[in-house]
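Letters A, B, ... mirror the listed sequences (proteins, then strands); counts begin at 1.
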2 protein chains.
Amino acid sequence: MNTTRAEENYLKAIYRLTKTKKQVILPNLIAEKVQVNPASVVDMIKKLVRKELISYSRKEGAKLTDTGQRIALNIVRSHRLWEVFLVEKLEYSWSEIHVIAEQLEHIKHPDLVDKLDSFLDFPSFDPHGDPIPDKMGAYPISKKIFLSTLSIGAECKVISVSDDNTDFLNYLEKLGISIGTKIKILEKNAFDDSLSLQIEKKNIITVSRKFADSLYVI
Amino acid sequence: MNTTRAEENYLKAIYRLTKTKKQVILPNLIAEKVQVNPASVVDMIKKLVRKELISYSRKEGAKLTDTGQRIALNIVRSHRLWEVFLVEKLEYSWSEIHVIAEQLEHIKHPDLVDKLDSFLDFPSFDPHGDPIPDKMGAYPISKKIFLSTLSIGAECKVISVSDDNTDFLNYLEKLGISIGTKIKILEKNAFDDSLSLQIEKKNIITVSRKFADSLYVI
DNA sequence: CCAATTAATTAGACAAGCCTAATTAAATAA
DNA sequence: TTATTTAATTAGGCTTGTCTAATTAATTGG
């Protein structure tokens, strides 16, 4: 199946929305993810249905077909492998790699992704802690929990980040939080669900619920 | 300056034509290089003139401005570095890398190319033997001569290939010719300028003038 | 159950890049 | 120097992916 860059971005968005939100995937949701007008999404949905990459109805929303799923998964795999490459080989920092990988993920050539995988020695997780599906599409197992689900006094280690937003990643860097950082929950504020955290037994910071919902820990 | 992929491909084509042919660069020539209809070239020429990336007149043809030159050179640099990456790190063969590098060369991010350059340890030549300009745009010096200019009895070593055509590269692979291959000129046929060659003191083959014009040796 | 709001859809446009089919200009040969 | 040929240009169209401004359908609060 031949897919354009735009099509691939929509498929990826639908794939990721299916994984995170359990809701029905409707145009508005996709529009926000792809950063595009809802009317454009409706057009693209028609195109993807025509190409049998998704199914769509107002009731069921957009759902990937097997082919669509396969393509989306390959893009995700490619994206995450390139992120590993950028950090481990080119020495990019955590917060810069996403935008570059968004371009690299669309490079097409038989075996390219597999050769990259092999060159990187088959990593299981990308620098954000997200799992990298293998050649067959299988994900490595991992038991991630949200920082926001822990109770007061709990100590944990950051293993992943659920957000690709550059501002968020920059904010994390500024706070000195990255994969492996140890965090202790000091307080939970019932009023606005904000949390007080101690980072690496040193600085104490306060973060929002939204923040705590975007960090995976173990 | 923000450039689209298409614009970059035209700039690259003009750049390379300026280097090889000494003629005036007119639409037909560009059209053949970019594999596009001459009418499309005329459109694009207008656009590039508007953006001050080239100048154009029927008499003088297309010429890169300083900005245009800078952009084209960066694309060439990027292309050749990615080719080194594909061969040295991903273990691609010689003949496959061009099409992939044509995609990779357009990936944009500050420092990406320089980081790649550094990761590859600042190579001077790509796998086809073409020189890689450095960060400042300076080319490494090299004294390449065409196979076709040698006389009978001469022995030489392949250092570069002037053609990105996949068929040609496949043909070379089939003949067992790559960078470093030793070649002896046995005969030159005055009728059609074809040559008899001995490869690595073994097989004897006959090749066309066009072929001999596409191999650089030393 | 109806009015108000929100979300999906349609209609109509537009920019980029490409095309084909004229048309115009230049170069060449007779 | 005129006719022929070749090359550049213009005109008009098409596709992709986007937009804005209606319009239609659903949902929800009163």
Side-chain angles (χ1 to χ4, degrees), chain A residues 1-15 17-18 21-63 68 71-72 75 102-103 105-108, chain B residues 1-15 17-18 21-63 68 71-72 75 102-103 105-108:
Chain A
M1 176 67 53
N2 247 18
T3 44
T4 66
R5 185 169 287 232
E7 287 163 9
E8 288 172 3
N9 283 332
Y10 279 92
L11 292 175
K12 187 180 58 163
I14 295 168
Y15 178 83
L17 287 169
T18 312
K21 326 262 175 178
K22 44 240 69 214
Q23 330 159 21
V24 179
I25 312 296
L26 291 169
N28 261 12
L29 202 62
I30 300 173
E32 201 207 352
K33 196 80 176 175
V34 186
Q35 287 292 301
V36 107
N37 190 293
S40 310
V41 175
V42 174
D43 287 348
M44 183 55 91
I45 282 177
K46 282 182 194 151
K47 194 185 173 198
L48 294 175
V49 166
R50 209 179 331 118
K51 294 182 89 169
E52 299 186 51
L53 298 174
I54 65 170
S55 64
Y56 179 75
S57 72
R58 231 155 153 149
K59 203 169 305 221
E60 302 273 308
K63 288 181 174 170
I71 294 168
I75 297 289
E102 296 248 82
Q103 301 176 63
E105 69 190 8
H106 301 289
I107 305 286
K108 286 192 232 341
Chain B
M1 175 67 52
N2 248 18
T3 44
T4 66
R5 187 170 285 234
E7 286 164 10
E8 288 172 2
N9 283 331
Y10 280 91
L11 292 175
K12 188 180 58 164
I14 295 168
Y15 178 84
L17 287 169
T18 312
K21 326 262 172 176
K22 44 243 64 218
Q23 330 161 20
V24 180
I25 312 297
L26 291 170
N28 261 12
L29 203 61
I30 300 173
E32 201 206 353
K33 195 80 174 175
V34 186
Q35 287 292 299
V36 108
N37 190 293
S40 310
V41 175
V42 173
D43 288 349
M44 183 55 91
I45 282 176
K46 282 181 193 150
K47 195 185 172 197
L48 293 174
V49 166
R50 209 178 332 116
K51 294 183 88 168
E52 299 186 53
L53 299 174
I54 64 170
S55 65
Y56 179 74
S57 72
R58 226 150 156 152
K59 202 167 305 217
E60 303 273 308
K63 288 181 173 169
I71 294 168
I75 297 289
E102 296 247 86
Q103 302 176 62
E105 70 190 8
H106 301 289
I107 305 286
K108 287 193 229 342

Which residues share a side-chain contact (heavy atoms from CB on, under 4.5 Å) with K63(A), sequence neighbours left out: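 By the side-chain contact (heavy atoms from CB on, under 4.5 Å) rule, K63(A) matches S55(A), E60(A).
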Residues which pass salt bridge (Lys or Arg N to Asp or Glu O under 4.0 Å) with K47(A), listed by chain and number, not counting sequence neighbours: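 Residues passing salt bridge (Lys or Arg N to Asp or Glu O under 4.0 Å) with K47(A): E7(A).
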Letter per nucleotide, 5' to 3', of nucleotides 11-25 of chain C [B base touched, S only sugar-phosphate touched, - untouched; heavy atoms, 4.0 Å]: -----SSBBB-----
Min side-chain heavy-atom separation [X]-[Y] under 4.5 Å:
X      : Y      : value
I75(B) : Y15(B) : no
Y10(A) : L53(A) : no
M44(A) : V41(A) : no
I54(A) : I25(A) : no

Expressed as a whole number of angstroms, how long is the span from [X]:[atom1] to [N]:[atom2]?
X      : N      : atom1 : atom2 : value
Y56(A) : dA7(C) : OH    : P     : 13 Å
I25(B) : dA7(D) : CD1   : C1'   : 15 Å
Q23(B) : dA8(D) : CD    : P     : 11 Å
I45(A) : dA7(C) : CD1   : P     : 15 Å
K59(A) : dT9(C) : NZ    : C1'   : 17 Å
L26(A) : dA8(C) : CG    : C1'   : 9 Å

Below 4.0 Å: OP1/OP2 of dT10(D) and any side-chain N or O of K46(B):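 Yes, because at least one side-chain N or O of K46(B) sits under 4.0 Å from OP1 or OP2 of dT10(D).
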